[in-house]
Structure formats: structure tokens, C-alpha cells
Undergrad: 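I have a structure here, written as C-alpha cells, and I will follow up with some questions on it.
Atom set for the values below is all heavy atoms of this structure, side chains included, hydrogens, waters and symmetry mates excluded. Chain naming here is simple, since letters A, B, ... match the order of the sequence lines and numbering starts at 1 in each.
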Amino acid sequence: MKHHLEHLLSSALIGLQQGGGLAADIELPSHIPVERTRDRSHGEFASNVALTLAKTVRRKPRELAEHIAAALPASDKIAKVEVAGPGFINFYMTPAAFQGVITDIMAQGPHYGRSTVGGGRLVQVEFVSANPTGPLHVGHGRGAAYGAAVADLLEAVGYKAHREYYVNDAGRQMDILATSVWLRYLELCDEAFAFFPSNGYKGEYVRDIAADLRGQHGNALHHPIAQVMQDLPPDEPAGGDKEAHIDALIARAKQLLGAAAYRQVFDLGLNDILEDIREDLREFGVIYEEWFSERSLFESGAVDRAVARLQASGHLYEKDGALWFRSTDYGDEKDRVIVRENGQKTYFAADIAYHMDKMERGFDRVIDVWGADHHGYVPRVKAALAAVGDDPSRLDVLLVQFATLYRGGEKAQMSTRSGEFVTLRELRHEVGDDAARFFYVLRKCEQHMDFDLDLAKSQSSDNPVYYIQYAHARVCSVMRQLQEKGLHWDEARGRANLHLLTETHEQALMLGLSRYPEIVEMAALNHEPHQLAHFLRDLANDFHTYYNAHIFIVDDSLLRDARLNLIIATRHVLRNGLTLLGVSAPEAM
RNA sequence: GCGCCCGUAGCUCAGUUGGAUAGAGUGUUGGGUUCCGAUCCCAAAGGUCAGAGGUUCGAAUCCUCUCGGGCGCGCCA
């Protein structure tokens, strides 16, 4: 309907130009803006072309608007055109124009709202990508729900989405995990140590992995604790440096176990945790096309090639024994180390290789969903792409702020330092997957959000998820009651009598339904699933108020069938929208 | 100290990319309703869009500064 009006306006302008009513030499805007009105007293749609064009053609906006309105081709969808305010052109649509929406929805069903504006272009969406050093926590949950919704939305508007999880299976943090696992394993072998490394991973899950390790290897990996700790630099509680202590401990583990056995410990920890994360996300309805290994970038030589490309571009230099990338050439705050003094490549080096690989894989667009705490990292990644001649504007980095959990009006978040953070799994079990998915995307991503656990759990209309799902279930319930009364719904007869839907509530509901494709497109292109979430709540509200104002199962079979068409169409849209957000649409609650 | 994000009704948040009288939910107050399924409907009150300048026909939206909050500023990942 919106596109219809844009088309009419466009031909009106061309007509004016050809008829001499408008200077022929001015350039018409390529896209004529038509907007939904905020207020029904302004009609259903409005355009401000006259205002935006007034300056270039040096005419009064209102006068220009009158001319354009007069030049509009006739349309059976328009009841009235009005020039109002400073020069808006307001469109009042005929009831028939909105009734047609119902027919469209019934014909398209699950496809209603989908479009092809993406043109089949390839978009990669990388999200979560948490280090496999422990279970996902509630912060990762928001990235998961958000990234999944963005990818699904993009697919709905015709992109081909490639969902990817970057697995940081190389690097120091993983060594710390492997060493932590081994130490817990030694405990299971009846070794006792004075205190666990302050920089080690202390979560309970590390003991589980250690038990797994012992189950597979028995005592084969056992070494006396005295030997492990011999001559190590002291840990922080003992007055030393915790970083130096843990690094020495890692080196000792590698030395005592040997490369092969160490790798076994390392991989067991990695695989156990990764399997847990996979399972967690799958239960959350988040699935990936690809799990991309950081380690594979080293093994395939991709990191070396990335360094070589930067080298060839002339943006690397040596200082203090390390190899630096002059990222300041591309707007970064400071230059960054690529290869450390000890010869090890930094995480950044691997990430450059990873992003070069993304570009080489031929994605039209690349989206990274990161926690907001990584925002300082954006300029250096873009700098690296620019340095080797890739186009950094192909990469969008979407930053997701953390969520603060509230329970009983109090913050429910525990410190991450102690390892006693709230896991995503705990959250899912507490409030349910549907509520978690929905609440996470209810706010725009760069907004800090308060996650009210009590509200998410409540089975009342105060809870937006419940409210929306209930609207869906309520339609199903009406259909069940129809059957109980021995009646049946004749869709064709309903379609033929849509003109009977003249009530204010019915008009409002149809207006809402007609907005859905626009909402999906906007939410997708702007990466804003919250737009869809809010729309669904409004639509559910329109439906519930309709339900409360009118009986659907009336004696007049023509009106009854028309109304049933309307509510079934509503059910389609509710289901389609909820599905895009990863929320179920139950038939009964 | 520097950089990024944020600041909208008592609370939680929208605001269609610069448009018309700034909205929704919740909470408060008053009235009505209890009928397919957990109620729902109507009304009122509630705002210096953090503050101050600027850009223009027009600013919550764009620019500058100030205040307040979050995050970041490793040869960690």
C-alpha cells in the first residue's frame, strides 16, 4: 500500500514536469517518502515531498502540495487526499484497501511479510563467539538472541544469512583452562595443593571436565604436586605476580606432560565446553551454519599470510623486538602489536586473518555482533582491512550492551570474578526460552537493559511475551469453540464478505496487519529486532481489545466468516513475527 | 586524562532516520463492566526530551560545549 502511494506520487511529479507545472530541469528525488501517520486524524499515510521539494523549486510548500495532490492519478484505494499543516499530503485509504490485506495474508500464510529486497545477497552474521573457557552467561544470551533475530530477519527480506561462531580455541586463555583442568585432575588423584592459582578457572565445571579426564586416562597424567609447583614464581596471594605464576604453571604443565598429552588435556577441555555451549544454544533455538576455529587459521597458514599481506602493504614496522601494525594510519588511537617479542602472534593477528578470510569468502556484507566492552577494538580491525585494500564498510560491527538482571526489584547479578555468574542455562530454566528470547530483543542493542526476571516469569498480561502468545492461543481457542458449537468456518465466504468488517476495532486491526511487511523490512535493514517485538505487542493489543469489544462467533454466518478471516490473518502475522524472534506460538496455554 | 555508547512521564522503554499537538506499557486517581479463556473499556493526572548555544520553514533526532551514568584505553583473549 505504501509502495502504491509512492508510485502514484512519483507519476504525479513526472506528470507535472511534463505538463509544465514544475520546472523540467530539477532533479526529482529517487525515492518519494511516504510515511505512516502517527495520528489517524491525518489519514493513514502522509508524504512530505512538497516540503522537501519546496526549496529547490522555490515555491511555497502548501501551494506545491496542492499541485501535486491535484496531479495524482486516480486510485480505488484512496478515499480522500488532503493537504494539511505546513504542506503534508495526507492519504485516507478506503476500507477496501485494508480489507485486501486480509486476502493477501490468507494467500501468503507463513510467507506474508517476507520480501526480496535482499536480492539473495550473502550476509555473514558472526555472533556470541564466547571463549570456550566456561559456560555461557547472561551477557552472551543477549548477543545470541539478538544475532539470531538479526540473521532471521535478514533472511526474511531476501538475504542469505550465514551464521557463524568464532571459536577462540588458541591462545593463552585456553592454556589457562587446560592447566586448570589438569590441576583439578591432580586433586582427583589425591594430590592436595595449598591454593588454586588465583588466575585459574575456578568454576565447578572445571572439576567435571577433570573427572571426565580421569575417566579417560586414569592416573596416567599424574605428577606429584610438589614437582609441579617446584621453583615456580609465587602467586599473588603469596606476594607474587599472578600472571607470571600462571604462565610458569602452563609451561610446567607442558613440560611434565609432554606436547601430546598436554594437547589431550587441552582438547578435552575445549571439546567438553564447546559441546556444552552448542547444546545450550541449540536449546535456545540458536543454530549456526559454521563453527569457525581460530586454531585452524594458524594451522592453515592464514595468519602468516595475513601478516605477509600487511607487510607487503608497508604498514608494519619493528619496535622493541615486536612487529607492529601502524593502525594509526587509518584512524586508530595507537599502533598495535601483531607479533610479540617472544615470536607469538597476538589474538589481533588471528582476528585480522579471520576478517580477511571473511572478505575472501565473498560475503556481500559481514556483520559482527560484539559485546559493547569490545568497542575499542572496532577501529583496529577496520584499519587492518583498509590497509590491505579490503573495503571496511562491508563490515558492520553491532555492539550489544549488557543486561542487568532484576529479581524482586534487586539486582540479581553476581560477580564474574568469583566464577559465580548467572549462566544462560540458569536463566533459560528460570524464565523459559520464549521469555528469554523475547526480553533480550525487546530493547535496541546499544541500550543498557534491565531484565525483570519476575515479569518474564509471570503468566499475566503484564508480561509482553505472554500477552502476545496468548493472543495467538486465543484465536486457536475461538476456532475450537466454533467446532464445539457445531459450526464451521467458510474461508471463501468470509473473503467475499470482508466489506462487513467496518467496526473501528476491525479497521485498527487491519491497519496493524498491513504494517507488518514494513516493520519486518525496517527491522531487518536496520538490524533492529526490537521494532518487531514492539509491533507484535501492539498488534496483540489491537486483537485483545477487538476480542473484548465484539463477539466473533455471531449468528450471521456472513459476518462470522469475515471476522474469522480477520482473526486467522492476525494469527498468521503473530506466528510469523514470533517465529522470526525465535519465540513459539502456542495453540493453547 | 583520551575515546565510544547512553540520558525521553514516578518506573521500564518506543519515537518510522529532520516533520504535524512527543507516544506505549506499567504505576497513581475516578467511573463502568464481569459476556468466546486468565478480565477488559473509558477518562484524568503525569514532560524545560539532562542543561546551554548553534544549523533551518521545522530539532528528542544533526553540530559544539557542560553535567551525569556505563564501557574501553595490554606484547590478554
Side-chain angles (χ1 to χ4, degrees), chain A residues 2 33-39 41-42 46-48 51-52 54-55 60-61 84-88 90 129-131 133 168 170-176 199 243 247 294 319-324 332-334 336-351 371-379 399 401-402 404 406 409 442-452 455 459-464 466-467 470 473-475 477-482 484-485 515 518-519 522-523 526 528 530-531 533-535 537-538 541 544-545 547-554 588-589:
Chain A
K2 200 166 151 183
V34 171
E35 292 179 335
R36 295 269 174 179
T37 55
R38 254 185 256 270
D39 192 332
S41 69
H42 296 136
S47 178
N48 63 351
L51 280 82
T52 55
K55 193 187 257 177
K60 287 180 187 154
F88 290 101
N90 292 341
S129 299
N131 280 351
T133 53
N168 299 126
R172 182 163 171 266
Q173 293 304 323
M174 285 305 297
D175 279 322
I176 295 176
N199 222 13
E243 306 288 352
D247 281 338
E294 177 189 3
K319 192 181 86 179
D320 304 333
L323 193 61
W324 296 70
D332 196 9
E333 289 175 19
K334 50 165 78 171
R336 310 292 174 178
V337 170
I338 295 293
V339 182
R340 279 183 256 165
E341 196 178 4
N342 65 10
Q344 288 218 311
K345 277 122 191 150
T346 59
Y347 171 84
F348 180 43
D351 216 14
D373 53 334
H374 285 72
H375 67 80
Y377 205 77
V378 179
L399 301 169
Q401 290 286 348
F402 295 121
T404 310
Y406 283 85
L442 193 52
R443 309 291 175 229
K444 55 183 169 195
C445 69
E446 68 266 31
Q447 187 75 255
H448 293 106
M449 73 176 258
D450 290 342
F451 193 125
D452 186 337
L455 183 61
Q459 307 240 319
S460 78
S461 59
D462 292 344
N463 180 349
Y466 185 86
Y467 190 66
Y470 182 51
R474 201 169 222 180
V475 176
S477 167
V478 170
M479 299 312 283
R480 283 193 294 270
Q481 282 162 30
L482 183 76
E484 282 166 20
K485 291 182 177 179
R515 286 178 63 206
E518 297 161 27
I519 296 291
M522 183 166 52
N526 296 331
E528 292 179 337
H530 76 276
Q531 303 257 20
H534 280 99
F535 166 82
R537 203 188 47 186
D538 291 344
N541 180 50
H544 285 305
T545 56
Y547 177 92
N548 286 306
H550 299 283
I551 303 283
F552 306 153
I553 306 178
V554 291
M589 296 175 72

Undergrad: Say whether A:Tyr467 and A:Asp462, considering side chains only, have a donor N or O and an acceptor N or O under 3.5 Å apart.
TA: no
Undergrad: Applying a 4.0 Å non-hydrogen cut-off, can you work out what A:Gln401 is touching in the nucleic acid: base, sugar-phosphate, or nothing?
TA: sugar-phosphate
Undergrad: Which is true for A:Lys334 with a 4.0 Å heavy-atom rule: it touches a base, it touches only sugar-phosphate, or it touches nothing?
TA: sugar-phosphate
Undergrad: Find the partner of B:A52: check Watson-Crick (N1-N3 plus N6-O4 or O6-N4) and G-U wobble (N1-O2, O6-N3) distances, both under 3.5 Å, and reply none if neither fits.
TA: B:U64
Undergrad: In terms of side-chain heavy atoms of A:Arg172, which of B:A77, B:C13, B:A60 is nearest?
TA: B:A77
Undergrad: For A:Thr133, report the nucleic acid contact type (base, sugar-phosphate, nothing); a contact means any heavy atom under 4.0 Å.
TA: nothing
Undergrad: Does either side chain, that of A:Arg474 or that of A:His544, offer a donor lying less than 3.5 Å from an acceptor on the other one?
TA: yes
Undergrad: Using the P atoms only, state how far B:G69 lies from B:G74, rounded to an integer number of Å.
TA: 23 Å
Undergrad: For a quick check of understanding: with a heavy-atom distance under 4.0 Å over all strands, which category does A:Arg336 fall into, base, sugar-phosphate or nothing?
TA: nothing
Undergrad: Taking atom C1' of B:A24 as reference, at what distance in whole Å does atom CZ of A:Arg36 sit?
TA: 18 Å
Undergrad: For A:His374, answer base if it contacts any base atom (sugar-phosphate contacts may also be present), sugar-phosphate if it contacts only those atoms, and nothing otherwise; contact means non-hydrogen atoms under 4.0 Å.
TA: base
Undergrad: Do NZ/NE/NH1/NH2 and the carboxylate oxygens of A:Glu243 and A:Arg172 come within less than 4.0 Å?
TA: yes
Undergrad: If you pin A:Lys2 and A:Thr52 to their nearest nucleotides in RNA chain B, which one's is more 5'?
TA: A:Lys2
Undergrad: Is there a Watson-Crick or G-U wobble partner for B:A20 with both distances under 3.5 Å, and which nucleotide is it?
TA: none
Undergrad: Could you give the CZ-to-P distance, from A:Phe402 to B:G72, as a whole number of Å?
TA: 7 Å
Undergrad: Which nucleotide, in any strand shown, forms a Watson-Crick or G-U wobble pair with B:C40, with both distances under 3.5 Å?
TA: B:G32
Undergrad: Pick the P atom in B:G7 and in B:A44, then give their distance to the nearest Å.
TA: 29 Å
Undergrad: Select base, sugar-phosphate, or nothing to describe what A:Ala549 touches, counting heavy atoms under 4.0 Å on all strands.
TA: nothing
Undergrad: Per the atom types in the model, does the base of B:C71 pair as donor or acceptor with the side chain of A:His375 at under 3.5 Å?
TA: yes
Undergrad: If you check every side-chain atom of A:Glu35, which of B:U17, B:A77, B:C13 has the closest atom?
TA: B:U17
Undergrad: So, are A:Glu35 and A:Lys2 salt-bridged, with charged N and O less than 4.0 Å apart?
TA: no
Undergrad: For B:G58 versus B:A22, give the span between their C1' atoms, rounded off to a whole number of Å.
TA: 15 Å
Undergrad: So what does A:Tyr466 hit on the nucleic acid, given a heavy-atom distance under 4.0 Å: a base, only sugar-phosphate, or nothing?
TA: base
Undergrad: Rounding to the closest angstrom, what is the interatomic distance between B:G25 and B:A14 at atom C1'?
TA: 10 Å
Undergrad: So which nucleotide from B:C75, B:G72, B:A38 ends up closest to the side chain of A:Arg474?
TA: B:A38
Undergrad: Looking only at atom C1', what distance separates B:A9 and B:G23, rounded to whole Å?
TA: 10 Å
Undergrad: Does B:G10 have a Watson-Crick or wobble mate here (both distances under 3.5 Å), and if so which one?
TA: B:U26
Undergrad: Please work out if A:Thr545 contacts a base, only the sugar-phosphate, or nothing of the nucleic acid, heavy-atom cut-off 4.0 Å.
TA: sugar-phosphate
Undergrad: Report which part of the nucleic acid A:Asp351 touches: base, sugar-phosphate, or nothing (heavy-atom distance under 4.0 Å, all strands).
TA: nothing
Undergrad: Determine: side-chain N/O of A:Arg537 to OP1/OP2 of B:A24, distance under 4.0 Å, yes or no.
TA: no
Undergrad: I want to verify a distance call: between B:C13, B:C71, B:G25, whose nearest atom is closest to the A:Arg443 side chain?
TA: B:C13
Undergrad: Please check: side-chain N/O of A:Thr133 versus main-chain N/O of A:Met174, any donor-acceptor pairing under 3.5 Å?
TA: no
Undergrad: Report which part of the nucleic acid A:Met589 touches: base, sugar-phosphate, or nothing (heavy-atom distance under 4.0 Å, all strands).
TA: base
Undergrad: When we call it a touch if two heavy atoms are under 4.0 Å apart, what does A:Ala350 touch: a base, just sugar-phosphate, or nothing?
TA: nothing
Undergrad: For atom P, what is the distance between B:C71 and B:U64, given to the nearest Å?
TA: 24 Å
Undergrad: Tell me whether A:His42 and B:A20 count as stacked here, given that the ring centres must be under 5.5 Å apart and the planes must differ by less than 30 degrees.
TA: yes
Undergrad: When all nucleic acid strands are considered with a 4.0 Å heavy-atom cut-off, which category describes A:Ala322: base, sugar-phosphate, or nothing?
TA: base
Undergrad: Base, sugar-phosphate or nothing for A:Leu482? Non-hydrogen atoms, less than 4.0 Å.
TA: nothing
Undergrad: Counting the atoms with a prime plus P, OP1 and OP2 as sugar-phosphate, which does A:Glu243 contact under 4.0 Å by heavy atoms, base, sugar-phosphate, or nothing?
TA: nothing
Undergrad: Could you give the distance separating B:A50 and B:U33 at their P atoms, to the nearest angstrom?
TA: 43 Å
Undergrad: What's the base orientation of B:U55: syn (chi within 90° of 0) or anti?
TA: anti
Undergrad: By nearest nucleotide on RNA chain B, pick out whichever of A:Pro61 and A:Asn548 is the more 5' one.
TA: A:Asn548
Undergrad: Under 5.5 Å centre to centre and under 30° between planes: does that hold for A:Phe88 and the six-membered base ring of B:A20?
TA: yes
Undergrad: Can you name the atoms? Protein N/O to nucleotides 6-8 of chain B N/O, anything below 3.5 Å, with the distance.
TA:
none

Undergrad: Among B:C41, B:U16, B:G72, find the nucleotide with the atom closest to the side chain of A:Asn541.
TA: B:C41
Undergrad: Looking only at the side chains, is there a donor atom on one of A:Asn526 and A:Gln531 sitting less than 3.5 Å from an acceptor on the other?
TA: no
Undergrad: If the P atom of B:U39 is compared with that of B:G27, how far apart are they to the nearest Å?
TA: 12 Å
Undergrad: Which nucleotide, B:A60, B:G72, B:C75, lies nearest any side-chain atom of A:Asp320?
TA: B:C75
Undergrad: Check this for me: does the side-chain of A:Asn48 come within 3.5 Å of the base of B:G19 through a donor and an acceptor?
TA: yes
Undergrad: May I ask which nucleotide in the shown strands pairs with B:C76, Watson-Crick or G-U wobble, both distances under 3.5 Å?
TA: none
Undergrad: Any donor-acceptor pair under 3.5 Å between the side chain of A:Asp452 and the base of B:U12?
TA: no
Undergrad: According to the interplanar angle, ranging from 0 to 90°, do the rings of A:Tyr377 and A:Phe348 count as parallel (below 30°), tilted (30 to 60°) or perpendicular (above 60°)?
TA: perpendicular
Undergrad: What I want to check is whether an N or O donor and acceptor connect the side chain of A:Asp175 with the base of B:A77 at under 3.5 Å.
TA: no
Undergrad: Taking atom C1' of B:U16 as reference, at what distance in whole Å does atom NE2 of A:His530 sit?
TA: 10 Å
Undergrad: In Watson-Crick or G-U wobble terms, both distances under 3.5 Å, what is the partner of B:C4?
TA: B:G70
